[in-house]
Number of protein chains: 2
Amino acid sequence: MAMPDQRLPRYQQLHDDLVAQIGNHVWRPGEAIPNEAELAKTYEVAIGTVRKAVDGLVAEGLLERHHGKGTFVRRPRFDSSLFRFFRFQSPSGERRVPESRILQREVLEAPSAVADALRLPVATPVIRITRLRLIDQNPVLAEEIWLPKDKFATILGLPSEEIGDLLYPAYEQYCGQVIASATETLTVESVAGAYARLLRLECGLPIIVIERLAYGFDGQPLEWRRSRGPADQFRYQVDIR
Amino acid sequence: MAMPDQRLPRYQQLHDDLVAQIGNHVWRPGEAIPNEAELAKTYEVAIGTVRKAVDGLVAEGLLERHHGKGTFVRRPRFDSSLFRFFRFQSPSGERRVPESRILQREVLEAPSAVADALRLPVATPVIRITRLRLIDQNPVLAEEIWLPKDKFATILGLPSEEIGDLLYPAYEQYCGQVIASATETLTVESVAGAYARLLRLECGLPIIVIERLAYGFDGQPLEWRRSRGPADQFRYQVDIR
DNA sequence: CAGTGGTCTAGACCACCCG
DNA sequence: GGGTGGTCTAGACCACTGG
């Protein structure tokens, strides 16, 4: 473990050290970390200081406390609780995870817009994934996804069946990268060309465009994606604060 | 002040009591609350317990701590920091608060959809405000806003100039109601009829529809609004987590 | 300088979970 | 019952703010 900055408060040093250990999979998601008394002893701090550090990690969603049982590394869930973005309205109206069809995976030199977003030098190798998402065989979203190659190289060789319908669990499982937060920007455009064909829409019909920049726990951008879907069946819900 | 539930932790009782006092404007936004030692003495708890209660209020955005100065009731700001929703792109691209033109204020019996959203009995008196928002004289948003009459009656008689371009500060100043959180749902429709005229659009052009349900600190719904604007100049940004 | 919040301690006791 | 986290205390010392 790296030498922490002695000028920082001890609870902050402990916090950072625990983040690092969670990131290095010292404890796997779902496992318990040592109990508070033990942490206090090994780090030579009072138990109140341990609690303050753990409080922060719980607030950030890295840990879960369970009274009487222990403190556990949290397994992020992007489909239901965290990312409840889209409500693809099936005929009956319930929310569904769309099927995912990967069309292409390739390695490119980062175009300047992508390099800017991911905070990489221009022409750094990046992975570009194109993907079609469907509900009941009907295309609802066409996506292009950009990832830094050095962190996500293992996703390149993976069979599509291994990846499944959700990318973020795959990032976690196969690349050790956890998405913790994101920023989305929505605009409306008219569809044309390749996207009209993919989404089976007439040229000129309105589509919604969603750009997402997703970050890891350390605040580093990990993924940039742009998704397009027919505007007429679009529904997007957000909670503010 | 009401008798708090003795079964709750003392920091929680203190927390709730401070919420009530802030809600009753015992201290006005921007003012300092008593210092920690004083609170500890008057509530007969240890200073660490006071800190835990205040920690919660800071996390909820009700208070702000300033090291060496004191702890202050926070003045919510909906234009810049909290509600950074719309980026009306002026030619130069900067974000602007659109001008607000109130078209109508009337009292109605709540239609069932509105009563449901605001959790009121059907046919409860509600206020309906219609409003046009413009940038450089161009309409960017047509809004209808529904409020429970019992809480917002004072807004009815207010001159438009007193209300200004933002409603939430007016709710706070004239009705004593503070908006703390909201849920927004976005969809896309084709414009027709009255909205086409208001927004000066041809019938059939796509518009964005934003439904917002806004809540007070106690979680009670206070306002329901539906806003419509031309889709082509629409841009919406959200931070997730 | 005095007053404020920020950190940290060492320990007590309570409430929950599970064998 | 033994182990866990949750609450609470009483106080020390530090760091920032402002007159």
Side-chain angles (χ1 to χ4, degrees), chain A residues 1 3-19 21-22 26-75, chain B residues 3-22 26-75:
Chain A
M1 116 184 50
M3 183 63 175
D5 189 336
Q6 296 300 331
R7 298 167 304 181
L8 260 36
R10 309 175 76 156
Y11 79 87
Q12 187 62 264
Q13 297 175 33
L14 211 182
H15 170 108
D16 295 348
D17 199 72
L18 291 173
V19 169
Q21 294 195 60
I22 294 167
V26 173
W27 312 289
R28 304 228 137 240
E31 276 183 14
I33 69 171
N35 69 45
E36 299 178 340
E38 180 136 5
L39 287 173
K41 207 170 65 177
T42 65
Y43 285 91
E44 296 181 308
V45 296
I47 212 164
T49 305
V50 171
R51 286 190 61 79
K52 178 144 188 176
V54 172
D55 281 347
L57 292 163
V58 170
E60 292 160 31
L62 281 174
L63 294 178
E64 276 177 349
R65 285 207 176 97
H66 291 285
H67 196 165
K69 293 170 64 180
T71 303
F72 300 80
V73 177
R74 191 173 154 201
R75 176 177 296 285
Chain B
M3 184 63 173
D5 189 337
Q6 296 301 129
R7 298 166 305 181
L8 260 37
R10 308 175 77 157
Y11 78 88
Q12 186 62 263
Q13 298 175 34
L14 211 183
H15 170 109
D16 295 348
D17 199 73
L18 292 172
V19 169
Q21 294 195 58
I22 294 166
V26 174
W27 312 289
R28 304 230 136 239
E31 274 183 13
I33 69 171
N35 70 44
E36 300 179 339
E38 180 136 4
L39 288 174
K41 207 170 65 177
T42 65
Y43 285 91
E44 296 180 310
V45 296
I47 209 163
T49 305
V50 171
R51 287 190 61 77
K52 177 145 188 173
V54 172
D55 281 346
L57 292 162
V58 170
E60 292 161 31
L62 282 175
L63 294 178
E64 277 177 348
R65 284 207 176 96
H66 291 285
H67 196 165
K69 293 169 65 179
T71 302
F72 300 81
V73 178
R74 190 172 156 203
R75 177 177 295 287

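Every chain is numbered from 1 and lettered A, B, ... according to where its sequence line falls, protein lines coming before strand lines. None of these values were measured; they are calculated from a predicted model.
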Whole-Å distance between [N] [atom2] and [X] [atom1]?
X     : N      : atom1 : atom2 : answer
A/D55 : D/dC8  : CG    : P     : 14 Å
A/Q12 : D/dA15 : CD    : C1'   : 16 Å
A/Y11 : C/dT9  : OH    : P     : 13 Å
B/I33 : C/dT4  : CD1   : P     : 12 Å
B/E64 : C/dG5  : CD    : P     : 14 Å
B/E36 : D/dT9  : CD    : C1'   : 15 Å
A/K52 : C/dT9  : NZ    : C1'   : 14 Å
A/L39 : D/dG3  : CG    : C1'   : 15 Å

Can you sort out the partners of [X] under side chain to side chain contact (heavy atoms under 4.5 Å, CB included), two or more places apart, ordered by chain and number?
X     : value
B/K69 : B/H66, B/F72
A/E31 : A/W27, A/R28
B/A37 : B/N35, B/I47

- Message: Taking any heavy-atom pair under 4.0 Å as a contact, classify B/R51: base, sugar-phosphate, or nothing.
- Response: base

side-chain N/O [X] vs [N] OP1/OP2, d < 4.0 Å:
X     : N     : value
A/R65 : D/dG6 : yes
A/N35 : D/dG3 : no
B/T49 : D/dT9 : yes

- Taking every non-hydrogen atom, the tightest pair across A/A46 and A/A40: C-CB, 4.2 Å

- Partners of B/D55 by side-chain hydrogen bond (donor to acceptor under 3.5 Å, both in side chains), sequence neighbours excluded? B/R65

- Task: Apply side-chain hydrogen bond (donor to acceptor under 3.5 Å, both in side chains) to A/R10 and list each qualifying residue two or more places apart in sequence or on a separate chain.
- Result: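 Partners of A/R10 under the side-chain hydrogen bond (donor to acceptor under 3.5 Å, both in side chains) test: none.
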
- Query: Any side-chain heavy-atom pair from A/L18 and A/L62 closer than 4.5 angstrom?
  - Reply: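 Sidechains of A/L62 and A/L18: no contact.
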
- Query: In B/S/- notation, 5' to 3', how is nucleotides 10-19 of chain C contacted by protein heavy atoms closer than 4.0 Å?
  - Reply: -----BBSS-

